[in-house]
Amino acid sequence: MSTRVRTRFAPSPTGNLHVGGARTALYSWLYAKKMGGDFVLRIEDTDQARSTKESVQVVLNDLKWLGYDWSEGPEVGGPLGPYYQSERLSIYKEHTERLLKAKKAYYCFCTDERLEKMKEEAIKAGRPPHYDRTCSHVSYEDAKARLEKGEKGAVRFKIPSGKDAYTFKDIIRGEVTFPSDMVGDFVILRSDGMPVYNFCCVVDDALMGITHVLRAEEHLSNTLRQMMIYESFEYPLPTFGHLSIILGADKQKLSKRHGATSCKQYEEMGFLPEAMTNFLALLGWSSPDGKEILNKEDLIKNFDLDRLHGAAAVFDEVKLKWMNATYLRELPHLDLWKRVEPFLASAGLPLTSSLWKDSGWQDKTLSVFKTSMETLKDAVPLYQLLDDETFKIQEEAKEVFTWESTKAVLAEWKKQVEGHTGDDFTEADFNTMQDAVKTNCNVKGKFLFMPLRVAVIGKAHGAELKQLVPCMKKSSLLRRAEIVSKEI
RNA sequence: GUCCCUAUCGUCUAGUGGCCUAGGAUGCUACCCUUUCACGGUAGAGACACGGGUUCAAAUCCCGUUGGGGACGCCA
């Protein structure tokens with residue numbers, strides 16, 4: 001019987017969820033789903049200086065927004081908790097003691113100053129900047145005595161001398177070998193009693209029964225240290241997969257100076273979590289059938305570790321926009337409206353008016369506007385066109401006022417609107433009115449429809465009038481017709 | 001400096017020795033649809049980083065160079 005697949009995502013709560021982190025979470029989540037296994041969320045908050053409660057919440061919210069639900073972790077609990085490293089201190093302490101007693105680790109009382117100086121000298125001399133083992137001879141008993149007296153000490157892991165090199169098989173990179181002397185005796189427990197990443201990570205992954213560790217490439221060389229720790233506890237090694245880095249347009253690691261890097265920012269820009277997920281999935285993975293638009297079910301069905309790509313990928317926002325647009329258009333209007341609403345609200349549009357609250361109107365306007373939207377936020381300038389309060393004639397439209405026929409066209413249009421019975425217009429109503437203007441003023445082509453569009457939305461270009469006019473009330477059209485006729 | 005990873009159209013990628021005259025997607029260009037804009041449709045331009053091997057045959061395997069990235073923390 002093969003063991004149940006257990007993957008995990010272990011963010012450190014030091015800010016928003018980075019898109020690279022989101023992709024790592026996605027792949028881990030997908031693989032667990034695909035294999036019918038568990039996806040565990042663990043919060044790596046041992047860096048007290050940088051971890052915050054707020055960040056935990058932000059990261060949790062980002063994961064929820066993306067829809068990567070975890071079967072064990074914060075909020076849901078689980079049998080192998082706690083899932084915050086800051087609550088697992090006694091576990092790490094016990095493990096540290098075990099290593100200390102087995103002489104696989106030792107207390108180090110060197111000062112920061114000494115360490116710093118040593119490192120500088122080593123670099124200057126061209127030696128690897130490793131710890132010189134000054135304290136490795138301090139016995140366990142002596143160390144405890146010094147600690148009793150209030151001295152501060154950190155615990156260092158003693159690099160085993162038995163092996164020249166460590167080799168493991170990475171899912172993405174194949175066989176990877178590191179020479180043992182690549183690292184020096186490294187700290188596993190800080191002098192303030194807090195354990196360090198490489199140590200907690202191993203202890204937790206082992207104790208939580210994690211079978212597959214997918215993580216960013218920057219952890220690849222950490223694997224050496226972690227293998228040594230696994231070995232010292234005789235814990236079985238999980239399967240590792242080191243994902244490539246996500247780059248900005250300049251091929252440098254994606255960072256703040258590239259603009260948006262966090263999920264939250266993309267959410268605020270009006271991207272859909274569905275599109276984000278699909279896009280991220282394709283950044284380093286491809287579907288065997290070559291399809292690119294894949295919803296979560298498709299992704300789960302097609303996902304496989306052996307199709308992960310090892311080279312770094314540039315985050316192309318242009319393609320993300322295209323993908324977002326295709327998801328946007330597929331959304332049922334009722335759903336799309338709900339998503340667009342917060343953006344319209346923060347732009348101060350009259351969402352509470354009886355017209356804008358009408359679901360029939362929402363449906364009608366969305367079918368007009370959605371083909372010109374790439375993001376949810378793109379709805380704002382579009383819907384602004386329908387808001388009487390902010391109606392204005394745009395600069396690009398003023399050319400129509402230089403045309404000789406425009407004056408008559410606008411006057412006739414106003415007359416047609418005035419003469420219309422009832423508050424609303426159908427497409428047929430509009431066609432009749434437009435035909436009347438056309439024959440009465442003897443104009444056609446752009447000399448007809450451009451001035452009309454200006455009279456309706458203040459722009460010379462945009463959606464079809466026969467679609468736009470039925471979205472508007474007579475009073476609104478009248479008011480606009482008056483404003484426009486004053487221009488001439 | 002040492003160690004490790006990586007290299008196909010601008011970008012994301014397919015490709016696991018012959019099916020490659022290198023496929024798809026996006027972006028770009030043109031045309032069609034359209035009384036504008038967008039959507040949609042069709043077509044086009046566009047890549048195996050370089051140099052050596054191995055082989056009857058290399059984008060694919062090996063070595064080197066170059067470029068990019070990462071690690072060498074009491075950060076994760």
Side-chain angles (χ1 to χ4, degrees), chain A residues 10-14 21 44-47 49-51 85 108 110 112 115-116 119 122-131 152-156 170 172-174 176-179 181-184 186-198 200-201 215-225 242 244-245 247 249 251-253 279 282-293 306-307 309-323 325-326 329 368-374 382 434 438 444-450 452-453 459-465:
Chain A
S12 62
T14 54
E44 309 222 322
D45 54 354
T46 55
D47 183 350
R50 295 198 302 148
S51 303
Q85 289 187 329
C108 171
C110 294
D112 286 349
L115 259 18
E116 192 60 39
K119 188 176 159 185
I123 290 171
K124 213 175 276 173
R127 281 178 286 122
H130 295 163
Y131 180 62
K152 290 276 179 204
V155 176
R156 285 185 185 273
D170 189 277
I172 302 166
R173 301 172 198 280
V176 181
T177 302
F178 293 106
D181 61 8
M182 197 175 100
V183 291
F186 55 91
V187 169
I188 56 174
L189 193 74
R190 298 182 178 98
S191 50
D192 65 0
M194 274 310 234
V196 149
Y197 165 75
N198 278 304
C200 308
C201 183
R215 48 153 74 136
E217 193 187 348
E218 59 240 40
H219 291 294
L220 186 55
S221 46
N222 281 328
T223 309
L224 171 62
R225 277 182 257 234
H242 289 92
S244 62
I245 307 279
L247 310 174
K251 301 240 183 189
Q252 300 293 300
K253 192 174 173 181
F279 178 75
L282 260 25
L283 227 52
W285 176 83
S286 59
S287 181
D289 59 10
K291 291 227 173 67
E292 297 213 325
I293 298 293
D306 58 21
R307 293 190 67 82
H309 196 226
V314 174
F315 191 95
D316 182 6
E317 214 172 279
V318 175
K319 187 159 182 177
L320 207 212
K321 277 187 183 169
W322 161 77
M323 196 166 267
T326 75
R329 281 177 219 125
V368 179
F369 291 146
K370 71 170 177 179
T371 56
S372 34
M373 286 165 57
E374 283 188 314
L382 261 11
Q434 191 185 40
K438 186 176 172 181
K444 60 178 183 179
K446 70 172 186 177
F447 296 105
L448 170 64
F449 63 79
M450 279 198 173
L452 289 190
R453 187 174 286 103
K459 287 176 65 180
H461 302 283
E464 287 189 61
L465 286 168

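Throughout, a chain's letter reflects where its sequence line sits, starting with A, and its residues are numbered from 1.
Taking atom P on both nucleotides, B/G1 is separated from B/C19 by 42 Å, rounded to a whole Å. Only the P atoms considered, B/A22 is 15 Å distant from B/G10, to the nearest whole Å. Distance noted for atom P between B/U11 and B/C50: 15 Å (whole Å). Rounded to whole Å, the C1' atom of B/A47 lies 15 Å from the corresponding atom of B/G27. When the C1' atom is compared between B/U55 and B/A43, the two are found 40 Å apart, to the nearest whole Å. Rounded to a whole angstrom, the distance from the P atom of B/G23 to that of B/U16 is 14 Å. As rounded to the nearest Å, B/C39 and B/G46 have P atoms that lie 25 Å from one another. Atom P of B/C74 sits at a distance of 29 Å from the matching atom of B/G68, rounded to the whole Å.
Contacts between chain A and RNA chain B, taken as any atom within less than 4.0 angstrom of a protein heavy atom, begin and end at B/C3 to B/A76.
Taking a pair to require two hydrogen-bonding distances under 3.5 Å in either a Watson-Crick or a G-U wobble arrangement, B/U16 remains unpaired. Nucleotide B/C61 is matched to B/G53 when pairs are restricted to Watson-Crick or G-U wobble geometry with both distances under 3.5 angstrom. In this structure B/A25 sits in a base pair with B/U11, meeting the Watson-Crick or G-U test at under 3.5 Å. B/C72 and B/G1 make up a base pair, with Watson-Crick or G-U wobble contacts both under 3.5 Å.
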* Let me see the working for A/Cys201 and A/Arg215 under side chain to side chain contact (heavy atoms under 4.5 Å, CB included), right down to the final yes or no. => CA-CA 12 Å; A/Cys201 183; A/Arg215 48 153 74 136; 3.8 Å; yes
* **Test log, rule side chain to side chain contact (heavy atoms under 4.5 Å, CB included), inputs A/Thr223 and A/Val176** => CA-CA 10 Å; A/Thr223 309; A/Val176 181; over 6 Å; no
* To do: Verify side chain to side chain contact (heavy atoms under 4.5 Å, CB included) between A/Ile188 and A/Val196, making sure each step is shown before the conclusion.
  => CA-CA 5 Å; A/Ile188 56 174; A/Val196 149; 5.6 Å; no
* Check step by step if side chain to side chain contact (heavy atoms under 4.5 Å, CB included) holds for A/Asp316 and A/Trp322. => CA-CA 10 Å; A/Asp316 182 6; A/Trp322 161 77; over 6 Å; no
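Residues A/Arg307 and A/Pro288 meet the side-chain proximity criterion, which asks for heavy atoms closer than 4.5 Å. Looking only at side-chain heavy atoms (C-beta outward), A/Pro128 and A/Asp181 stay at 4.5 Å or farther from each other. Between A/Leu282 and A/Met323, the closest side-chain pair of non-hydrogen atoms falls below 4.5 Å. At least one side-chain heavy atom of A/Tyr197 sits under 4.5 Å from a side-chain heavy atom of A/Asn222.
At a threshold of 4.0 angstrom between heavy atoms, the contacts of A/Ala311 are confined to the sugar-phosphate backbone, with no base atom among them. A/Gly284 comes within 4.0 angstrom of the backbone, heavy atoms only, and of no base. Within the nucleic acid shown, A/Glu464 comes within 4.0 Å of at least one base atom, counting heavy atoms only. Residue A/Thr177 is classed as a sugar-phosphate contact, given heavy-atom separations below 4.0 Å to backbone atoms only. Residue-level contact check: A/Cys200 touches neither bases nor backbone, having no heavy atom under 4.0 Å from any strand. When heavy atoms are screened at a 4.0 angstrom cut-off, A/Glu217 is found touching base atoms of the nucleic acid. Counting non-hydrogen atoms under 4.0 angstrom, A/Ala313 reaches the backbone sugars and phosphates but no base. Across all strands, A/Tyr197 comes closer than 4.0 Å to base atoms (heavy-atom distances). At the heavy-atom level, A/Val183 lies nowhere under 4.0 Å from the strands shown. Residue-level contact check: A/Gly462 touches the bases, meaning some heavy atom is under 4.0 Å from a base atom. In this structure, A/Arg453 reaches the bases: a heavy-atom distance under 4.0 Å links it to at least one base atom across the strands shown. Across all strands shown, A/Arg307 has heavy atoms under 4.0 Å from sugar-phosphate atoms exclusively, and none from any base. Within 4.0 Å of A/Pro128, counting heavy atoms only, lies no atom of the nucleic acid at all. Using a 4.0 Å heavy-atom cutoff across all strands shown, A/His309 reaches sugar-phosphate atoms only and no base atom.
Summarising the geometry of A/Ser51 relative to A/Glu44, their closest heavy-atom pair is OG-O, 4.3 Å, with the distance given to 0.1 Å.
Residue-to-nucleotide proximity on RNA chain B shows that, of A/Ala460 and A/Ser286, the 5′-proximal contact is made by A/Ser286. Looking at which nucleotide of RNA chain B each of A/Thr46 and A/Phe315 is closest to, the 5′-most match is held by A/Phe315.
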